[in-house]
Amino acid sequence: MGRIFVITLEGKIYSCKHCQTHLALREDIISKAFHCRHGKAYLFNKIANFTVGETEERMMMTGVHSVCDIFCVGCGSIVGWKYVAAQEKSQRYKEGKFILERFQVLGPEGTLYYFNNNPEASGSEADDM
């Protein structure tokens, strides 16, 4: 395996909660209205410092999508997934975009997202502004 090069991002950064490797910039968020099994998830136009897993078909709330898991290059933790293809025409805007699970990343200023079965009590209010 070759040497891993890590890109340092500047600005409001989302990073891996395990190793603090920079993953994305706040300005690249397309939507904060996504959800995953651990709570909130954000759709990003682009991210950095990741590797991809095998592409697979998954049934999601909005239909069947071809996706691949994305992993932090710093520690190998799964941090979200990439939309490869969508079967429904209305969902094709997601193709080539990335989901970061908010539970797996630190927000700008190092804010954590706490998963809780009580939807009114989970999340970081500072990060949603």
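Nothing here was measured: the structure is a model prediction, and the numbers come from that model.
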| message | Donor-acceptor check, side chain of Arg26 to backbone of Ile29, threshold 3.5 angstrom: yes or no? | response | no

| task | Give a yes or no answer on whether the side chain of His22 reaches the backbone of Leu9 with a donor-acceptor pair at less than 3.5 Å. | result | yes

| message | Side-chain heavy atoms nearer than 4.5 Å, only ILVMFWY residues, links allowed to pass through others: does that put Val105 and Ile13 together? | response | no

| query | Glu101 versus Trp81: any side-chain heavy-atom pair under 4.5 Å? | reply | yes

| request: Kindly determine whether Ile78 and Ile70 satisfy side-chain contact (heavy atoms from CB on, under 4.5 Å), including the steps that lead there. | output: CA-CA 6 Å; Ile78 186 167; Ile70 53 176; over 6 Å; no

| Close side-chain approach of Arg102 to Tyr14, heavy-atom, < 4.5 Å | yes

| message | If I compare all heavy atoms of Cys68 with all of Val84, which pair ends up nearest, and what's the gap? | response | SG-CG2, 4.0 Å

| task | Kindly work out whether a path of hydrophobic side-chain contacts (I/L/V/M/F/W/Y, heavy atoms less than 4.5 Å apart) joins Leu100 to Leu43. | result | no

| query | Under 4.0 Å between a Lys/Arg side-chain N and an Asp/Glu carboxylate O for Glu56 and Arg58? | reply | yes

| said: Please check: side-chain N/O of Lys97 versus main-chain N/O of Lys46, any donor-acceptor pairing under 3.5 Å? | reply: no

| query | Same cluster for Tyr42 and Val52 if Ile/Leu/Val/Met/Phe/Trp/Tyr side chains link at under 4.5 Å? | reply | yes

| Any residue meeting salt bridge (Lys or Arg N to Asp or Glu O under 4.0 Å) with Lys12, in chain and number order, not counting sequence neighbours | Glu109

| Distance-minimising heavy-atom pair for Ile99 and Ala41 | CG2-CB, 3.6 Å

| message | Would you say Leu23 ends up clustered with Phe44 if hydrophobic residues are merged whenever their side chains have heavy atoms under 4.5 Å apart, either directly or through other cluster members? | response | yes

| message | Give me the atom names and distance for the closest heavy-atom approach of Gly76 to Phe71. | response | O-CD2, 3.4 Å

| Side-chain donor-acceptor pair present, Ser66, Glu57, cut-off under 3.5 Å | yes

| said: What's the separation between atom SG in Cys16 and atom CG in Leu106, rounded to the nearest 0.5 Å? | reply: 7.5 Å

| Side chains of Thr62 and Lys94: donor-acceptor distance under 3.5 Å anywhere? | yes

| Under 3.5 Å donor-acceptor, Asn49 side chain and Val73 backbone | no

| Are the aromatic rings of Tyr83 and Phe98 close, with centres under 6.0 Å apart? | no

| request: Verify whether one side chain among His18 and Thr21 offers a donor that lies under 3.5 Å from an acceptor in the other. | output: no

| query | If only atom types and distance count, is the side chain of Gln104 paired as donor or acceptor with the main-chain N or O of Ser77 below 3.5 Å? | reply | no

| message | Grouping I, L, V, M, F, W and Y whenever their side-chain heavy atoms are under 4.5 Å apart, do Ile30 and Val67 come out in a common cluster? | response | yes

